[in-house]
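Side-chain atoms are counted along with the backbone in the values below, which use heavy atoms only and exclude waters and symmetry mates. In this text the structure is predicted, and so the values were computed from the model without any measurement.
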Amino acid sequence: QVRLMESGGDSVQAGGSLTLSCAASEYTRESACMGWFRQVPGKEREGIASIYTLGGIPYYARSVEGRFTISQDRAKKQIYLQMNGLRPEDTAIYYCGSGPNQLGGPPCGRFIDVVEADYWGQGTQVTVSS
C-alpha cells in the first residue's frame, strides 16, 4: 500500500503563489501516476495535475493549465505543485493521489480526468482571499 502525505497548504492573497509537496512511501509501476486533486465542500473531487512518474510527463486540467506546475523528485519520492496566480476559486482541500496509468490518451490523463487514484493523502487546506 502506498502512503502519501501532503504539506504546504496555507492562506494567501489572490495573485499569490504557493508550493505543495507530497511524499510517497514508495514509487511503484502499478501506481505510475501521481497527481493533485482538490475538493470543496458539497462538490466532487476534481483532478487538476498529474505526472507520469516513469517519464516525468505532466498533464493538467484546463482550470489550472498555465498557472500551476507539477514536478517530481524521484530520488526523494516526492511530487510538487507550484501554484501561481492564485484565485479565490482555487480555495479547496488539496489531495495527493496515486494510481495506475491507463493506456490511451496522454499519460495519466484519465487518472486526472476521471479521478482514478487508488491511494490518497490526508489533504492540505489552501485558502485564497480576495
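Interatomic distance, Gln1 CD to Glu26 CD, rounded to the nearest 0.5 Å: 9.5 Å. Of the inter-residue distances, the one linking Gln82 atom CD with Ile70 atom CD1 reads 12.0 Å to the nearest 0.5 angstrom. To the nearest 0.5 angstrom, Asp90 atom CG is 10.5 Å from Leu18 atom CG.
In the hydrophobic clustering of this structure, Ile48 groups with Met34; members are Ile, Leu, Val, Met, Phe, Trp, Tyr whose side-chain heavy atoms approach within less than 4.5 Å, directly or through other members. A chain of hydrophobic side-chain contacts below 4.5 Å, direct or via other Ile, Leu, Val, Met, Phe, Trp or Tyr residues, connects Leu20 to Leu4.
Residue pairs meeting the salt bridge (charged side-chain N to carboxylate O under 4.0 Å, His left out) criterion with at least one member in residues 104-117, sequence neighbours excluded: Arg110-Glu116. Applying the ring-ring contact (aromatic ring centres under 6.0 Å, His included) test to residues at least two apart or on different chains, the pairs with a partner in residues 102-130 are Phe37-Phe111, Phe37-Trp120. For residues 41-64, the pairs satisfying salt bridge (charged side-chain N to carboxylate O under 4.0 Å, His left out) are Arg38-Glu46, with sequence neighbours left out. Applying the side-chain hydrogen bond (donor to acceptor under 3.5 Å, both in side chains) test to residues at least two apart or on different chains, the pairs with a partner in residues 27-37 are Tyr27-Gln72. Judged as a ring-ring contact (aromatic ring centres under 6.0 Å, His included), not a single pair has a partner in residues 65-104 (not counting sequence neighbours). Applying the disulfide (SG to SG under 2.5 Å) test to every pair with at least one member in residues 76-130, sequence neighbours left out, gives these pairs: Cys22-Cys96, Cys33-Cys108.
Residues satisfying the side-chain hydrogen bond (donor to acceptor under 3.5 Å, both in side chains) test with Ser129, not counting sequence neighbours, are none. Residues forming a side-chain hydrogen bond (donor to acceptor under 3.5 Å, both in side chains) with Arg3 (at least two apart in sequence, or on another chain): none. Applying the side-chain hydrogen bond (donor to acceptor under 3.5 Å, both in side chains) rule to Thr69 yields no partners; only residues at least two apart in sequence or on another chain are considered. Under the side-chain hydrogen bond (donor to acceptor under 3.5 Å, both in side chains) criterion, Ser17 pairs with Asn84, not counting sequence neighbours.
Looking at heavy atoms from C-beta onward, Val126 lies in side-chain contact with Met83 at the 4.5 angstrom threshold. Between Gln122 and Met5, some side-chain heavy-atom pair lies under the 4.5 Å cut-off.
Summarising the hydrophobic clusters (Ile, Leu, Val, Met, Phe, Trp, Tyr; side-chain heavy atoms under 4.5 Å, direct or chained), the residues clustered with Val114 are none. Annotation for Ile57: hydrophobic cluster partners, listed by chain and number, are Tyr52, Leu54 (ILVMFWY side-chain heavy atoms under 4.5 Å, direct or chained).
Closest of all the heavy-atom pairs between Ile93 and Gly123 is CG2-CA, 3.9 Å. Taking every heavy atom of both residues into account, Ala49 and Leu81 meet most closely at CB-CD1, 4.0 Å.
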